[in-house]
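To keep things clear, I will list the structure first and then write my remarks on it.
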Amino acid sequence: MTTNQLVLIEARENDIREVSFEALALAQHLKQKEDSIVALVCSKLSQKQIETLGQHGATKVIQASHPQLEEYSTEAYRQVLLQIIDKEKPSRIIMGHTAIGKDLAPRLAMKLGAGLLSDITEVRGEDSEKPFFIRPIYSGKAFEEKQERSSPSFLTIRPNNFQSNCLENIQHPEVEDFEVQLKELRTEILETVKKMSSKVDLTAAKIVVAGGRGVKSEDGFKPLQELADVLGGAVGASRAACDAGYCDYGLQIGQTGKVITPTVYFAIGISGAIQHLAGMSQSKTIVAINKDPEAPIFEIADYGIVGDLFEVVPLLTEAFKKSAD
Ligand code: FAD
C-alpha cells in the first residue's frame with residue numbers, strides 16, 4: 001500500500017515560500033519507496049512553478065483555487081484541507097510552522113483525532129518506518145524527541161531548518177484542478193491591510209539584523225537597515241525596542257514575538273533576556289554587538305563585539321559593501 005504524504009504549499013503574491021520547499025525536502029527524506037508526495041496549493045500556479053514543485057519532489061500537484069481562498073481564511077482553508085485529506089487519504093500532512101500552519105494544523109488534527117508534531121527542527125532515523133522528530137521546548141532550553149502515533153499525522157516544520165532539495169532527475173508532476181465547494185462561511189474578510197514592516201520577510205530571512213533598546217530611537221534603526229540591505233537580510237527587534245516605539249511590533253523576536261532560525265543573527269544593543277533568546281537562540285551563527293562586556297547575550301554569541309553600536313555598525317556595513325564590490 002502506498003503512503004501519500006501531503007504537503008501544503010504556501011504561495012504569497014505568486015511566490016512559493018521557501019518553507020514549502022523545505023517541507024517537500026522533509027517529505028522526500030521520509031519517503032518510502034512507493035510513496036507519492038502530493039503538493040496542495042490553494043491557488044493557481046504557473047507551469048514553471050508546477051515544474052519547480054516537481055523538481056522538489058512533488059509527484060502530484062493539486063490546485064484548489066477559489067475566490068474565497070485568495071486570502072488566507074481559517075474556515076475556508078480548513079474546509080478544503082478536510083475535503084482533500086478525505087480524498088487523498090495521506091498518512092502524513094506537512095506544513096510550515098508559519099502563521100498559516102500554526103493556525104491550521106491543530107484545528108485539522110483536532111477534527112480528525114490525529115496527532116500533531118509541531119515546530120519540528122530536525123528528523124532522525126528518516127530511513128526507518130518510525131522516524132524521530134525533534135522539537136525545541138521550554139523556549140529552546142531543551143529538546144524533545146517524538147514519534148508519530150496516528151495516521152494521518154500532522155507535522156509543522158520551523159522555517160530555515162531543513163535544506164530544500166532539488167532532484168537530479170526532472171519530475172513532471174501530475175496536476176489536478178480540485179473543484180472547491182465551500183459550505184457557507186461564518187466569517188468574511190472585508191479588507192486586508194498589508195504592513196510593510198521589513199523589506200525582507202523576517203521569518204524566512206537567512207540574515208537578520210536585530211536592534212534593541214540600545215538603538216535608542218526610530219532613527220537609530222537606520223544604520224541597522226543599511227547593514228541588512230547590504231547583506232540582503234531583514235531587520236528585527238527586541239520587545240523593549242518595539243515597546244519604546246522605535247519600530248513596529250511585526251519585527252519583534254522572542255517568546256511573544258516571532259521565532260526565527262536564520263543563518264546569521266546580529267543582536268545589536270540587545271541585552272539577551274531569556275524571553276528574547278526564546279525567539280533566536282537556534283540561529284546558526286549569532287553575532288552580538290553591545291557596549292557592556294557583561295551583557296548576557298555574549299554567553300550565547302558565536303562572535304562578540306564590545307563597543308558602541310553607532311560606531312561598529314557603519315564600519316561593518318562599509319566592510320561588507322567593500323567585500324561585495
Ligand atoms: P535592554 O535589556 O534594556 O538592553 C539594552 C542593551 O543595549 C544593553 O545590554 C546595553 O548594554 C546595550 N546598549 C545600550 N546602548 C548601546 C550602544 N550605544 N551600543 C551598544 N550597546 C548598547 N523581549 C523580547 O525581546 N521579545 C519577546 O518576545 C519578549 N517577550 C516577553 C514576554 C514576557 C512575559 C516578559 C515578562 C518579557 C518579555 N520580553 C521580551 C522582554 C524581555 O524580558 C526584555 O525586557 C527585553 O528583551 C529587553 O530588550 P533589550 O535587550 O532591547 O533591552
Side-chain angles (χ1 to χ4, degrees), residues 97-99 101-103 118-119 121 135-142 158-160 195 197-198 200-205 207-228 230-231 233-262 264-320:
H97 196 69
T98 58
K102 279 189 253 183
D103 184 52
S118 66
D119 203 12
T121 54
R135 62 188 295 265
I137 51 171
Y138 303 124
S139 303
K141 285 200 280 304
R158 188 180 283 199
N160 282 335
K195 209 181 240 179
S197 46
S198 177
V200 179
D201 179 7
L202 184 55
T203 52
I207 298 179
V208 171
V209 178
R213 201 186 334 242
V215 175
K216 295 192 175 68
S217 68
E218 195 178 342
D219 272 355
F221 265 84
K222 283 184 185 153
L224 276 66
Q225 182 67 62
E226 282 164 24
L227 177 58
V230 167
L231 297 171
V235 168
S238 72
R239 176 157 148 186
C242 299
D243 284 344
Y246 305 161
C247 50
D248 191 272
Y249 277 105
L251 300 190
Q252 186 184 318
I253 293 156
Q255 188 181 316
T256 43
K258 295 197 166 75
V259 177
I260 57 170
T261 323
V264 185
Y265 186 85
F266 288 89
I268 303 176
I270 292 177
S271 59
I274 189 76
Q275 296 88 355
H276 186 78
L277 303 190
M280 45 63 73
S281 62
Q282 302 302 311
S283 305
K284 310 247 169 4
T285 302
I286 298 169
V287 183
I289 303 170
N290 200 301
K291 66 179 184 184
D292 174 9
E294 304 294 324
I297 191 73
F298 287 125
E299 286 167 28
I300 64 149
D302 299 284
Y303 299 95
I305 301 174
V306 178
D308 187 329
L309 69 93
F310 298 103
E311 289 168 19
V312 176
V313 174
L315 289 175
L316 281 180
T317 307
E318 272 314 303
F320 284 122

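Remember, it's 1-based here, ligands and their atoms both numbered in the order they're listed. We number each residue from 1, following the sequence as shown. Since the model is a prediction, treat every value here as computed from it, not as a measurement.
Within ligand 1, the atoms closer than 4.0 Å to a non-hydrogen atom of Gly212 are 52 (O), numbered from 1 in the order shown. For ligand 1, the atoms closer than 4.0 angstrom to any heavy atom of Ile253 are 24 (C), 25 (O), 26 (N), 27 (C), 28 (O). Taking every non-hydrogen atom of Gly214 and a distance limit under 4.0 Å, the qualifying atoms of ligand 1 come out as 5 (C), 7 (O), 13 (N), 14 (C), 15 (N), 16 (C). Heavy-atom contacts of Gly257 reach the following atoms of ligand 1: 28 (O) (cutoff under 4.0 Å).
Between the Lys258 side chain and the Gly250 main chain, a donor and an acceptor come within less than 3.5 Å of each other. Looking at His276, its side chain does come within 3.5 Å of a backbone N or O of Ile253 through a donor-acceptor pair. At least one donor-acceptor pair under 3.5 Å links the side chain of Asn290 to the backbone N or O of Ile270.
Close to ligand 1: Gly307, with a non-hydrogen atom less than 4.0 angstrom away.
Tyr249 and Asp243 form a side-chain donor-acceptor contact under 3.5 Å, judged by distance and modelled atom types alone.
Between Phe320 and Phe266, the ring planes are perpendicular. Angles over 60° get that label, and only those under 30° would be called parallel.
For atom 50 (P) of ligand 1, the closest heavy atom belonging to the protein is Ser238 OG, 3.6 Å. In terms of protein heavy-atom proximity, atom 22 (C) of ligand 1 is closest to Lys291 CG, 3.7 Å. What sits closest to atom 30 (N) of ligand 1 on the protein, heavy atoms only, is Thr256 OG1, 2.6 Å. In terms of protein heavy-atom proximity, atom 48 (C) of ligand 1 is nearest to Ala240 CB, 3.8 Å. Scanning the protein heavy atoms around atom 51 (O) of ligand 1, the nearest turns out to be Ser271 N, 2.7 Å. In this structure, atom 27 (C) of ligand 1 lies nearest to the protein heavy atom Gln252 NE2, 3.2 Å. Protein heavy atom nearest atom 36 (C) of ligand 1, with residue, atom name and distance: Gln275 NE2, 3.9 Å. For atom 18 (N) of ligand 1, the nearest non-hydrogen atom of the protein is Asp308 OD1, 3.1 Å.
Note that CG of Leu224 and CD1 of Ile289 are 8.0 Å apart. Values are rounded to the nearest 0.5 Å.
No N or O atom of Ala241 sits closer than 3.5 Å to an N or O atom of ligand 1. Of the N or O atoms in Gly269, one or more lie within a sub-3.5 Å distance of an N or O in ligand 1. For a threshold of 3.5 Å applied to N or O pairs, the pair formed by Leu309 and ligand 1 contains at least one separation below that value.
Within the set Asn290, Ile297, Val306, the minimum heavy-atom distance to atom 10 (C) of ligand 1 is found for Asn290. Nearest to atom 32 (C) of ligand 1 by heavy atom, out of Arg239, Gln255, Arg213, is Arg239.
For the pair Asp119 and Arg158, the salt-bridge criterion is met [side-chain N within less than 4.0 Å of a carboxylate O].
At a heavy-atom cutoff of 4.0 Å, ligand 1 is contacted by the side chain of Ala273 but not by its backbone.
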Q) Which is it for Gln282 and Thr121 under the side chain to side chain contact (heavy atoms under 4.5 Å, CB included) test, yes or no, and what are the steps along the way? A) CA-CA 9 Å; Gln282 302 302 311; Thr121 54; 5.7 Å; no
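Shown here is Lys284, whose NZ atom has more than 12 heavy atoms of other residues, nucleotides or ligands within 6.0 Å.
Looking at every heavy atom in both residues, Ala301 comes nearest to Ala288 through CB-CB, 3.8 Å.
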